[in-house]
Amino acid sequence: MNRKKILNGGKSYYIHPIFTNYAASKDGEILNGYYQFKMSDKNLIKPKTYYIHRFEWECVRGVIPEGFVIDHIDSVKTNNKIENLQLLSQKVLEKEIVNLYYHLILKITNKKIMKVLILLHSN
């Protein structure tokens, strides 16, 4: 999909497909620089709060389909570079979170078991 872009200070910014007064670069920079911001459009009665990672995705890749979310690949919520963002269904994200917690609990449990085995073995 070919996105409309503008140049500002020698850098390319992609215009948001709905909020055409706003744009984002591929490296996660928004022209106003906020992590979260409010914007209004002639079609909106009141301003809408927007998260930067979602705005970044929509500027560069297009509108986020219903039932999908934008995930930070490295889990750093301030790293909004386009290569760090991925489109996931809500169900896939929930499975990834459950899997992450499962492995975290397993790791903690294994450490506790090892400590008990070491204590038992040393007696």
Side-chain angles (χ1 to χ4, degrees):
M1 182 186 304
N2 195 5
R3 310 293 320 153
K4 291 182 184 176
K5 68 179 175 178
I6 57 172
L7 288 174
N8 185 337
K11 190 178 224 177
S12 293
Y13 290 86
Y14 295 84
I15 298 171
H16 193 276
I18 298 168
F19 303 101
T20 56
N21 292 330
Y22 301 90
S25 67
K26 284 187 177 181
D27 64 359
E29 187 177 323
I30 306 298
L31 290 179
N32 69 10
Y34 293 102
Y35 291 105
Q36 180 182 7
F37 60 99
K38 288 186 180 189
M39 68 173 101
S40 59
D41 186 271
K42 60 184 174 190
N43 299 323
L44 294 174
I45 295 171
K46 66 179 195 174
K48 177 178 179 170
T49 300
Y50 234 86
Y51 290 98
I52 295 296
H53 63 287
R54 294 178 60 83
F55 186 84
E56 171 73 19
W57 181 272
E58 289 187 337
C59 283
V60 178
R61 303 278 190 237
V63 176
I64 301 164
E66 182 142 351
F68 284 78
V69 295
I70 302 303
D71 179 55
H72 290 84
I73 296 168
D74 67 2
S75 298
V76 177
K77 302 304 180 203
T78 57
N79 182 359
N80 295 307
K81 293 180 180 176
I82 196 68
E83 65 269 10
N84 186 49
L85 302 176
Q86 62 182 343
L87 180 70
L88 296 177
S89 73
Q90 185 67 41
K91 288 182 180 182
V92 168
L93 181 63
E94 288 168 3
K95 284 180 185 176
E96 284 191 5
I97 291 169
V98 168
N99 192 34
L100 176 71
Y101 280 113
Y102 171 78
H103 283 93
L104 184 60
I105 290 168
L106 188 61
K107 187 175 179 181
I108 292 168
T109 304
N110 284 342
K111 283 184 179 181
K112 287 181 179 179
I113 290 170
M114 287 304 293
K115 285 181 182 179
V116 169
L117 289 174
I118 290 169
L119 285 171
L120 289 174
H121 186 68
S122 64
N123 289 334

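Bear in mind that the values here come from a model prediction, so they are computed numbers and not experimental data. Quick note: residue numbers are just sequence positions, from 1.
- In this structure K4 satisfies the side-chain hydrogen bond (donor to acceptor under 3.5 Å, both in side chains) test with no other residue, sequence neighbours excluded.
- I73 and L85 fall into different hydrophobic clusters, where Ile, Leu, Val, Met, Phe, Trp and Tyr side chains are chained together by heavy-atom contacts under 4.5 Å.
- Between N79 and H53, the side chains place no donor N or O within less than 3.5 Å of an acceptor N or O (distance only, hydrogens not considered).
- In this structure the side chain of C59 never reaches within 4.5 angstrom of the side chain of I82, judged on heavy atoms.
- Taking I18 as the reference, H16, V63 meet the side chain to side chain contact (heavy atoms under 4.5 Å, CB included) condition, with sequence neighbours excluded.
- A donor-acceptor contact shorter than 3.5 Å is absent between the side chain of E58 and the backbone of P17.
- When all heavy atoms of S25 and V60 are compared, the pair lying nearest together is O-CG2, 4.3 Å.
- Between the side chain of D74 and the backbone N or O of N84, no donor-acceptor pair lies under 3.5 Å.
- The two residues V69 and R54 make their nearest non-hydrogen contact at CA-NH1, 4.4 Å.
- Shown here are the side-chain hydrogen bond (donor to acceptor under 3.5 Å, both in side chains) partners of Q86, two or more places apart in sequence or in another chain: D71.
- Among residues two or more places apart in sequence or in another chain, the salt bridge (Lys or Arg N to Asp or Glu O under 4.0 Å) test is passed with K5 by none.
- Put simply, the side chain of F68 does not reach to within 4.5 Å of the side chain of L88, judged on heavy atoms.
- Y14 meets the side-chain hydrogen bond (donor to acceptor under 3.5 Å, both in side chains) test with no other residue; sequence neighbours excluded.
- Of all the heavy atoms in E56 and N80, the pair that sits closest is CG-O, 3.3 Å.
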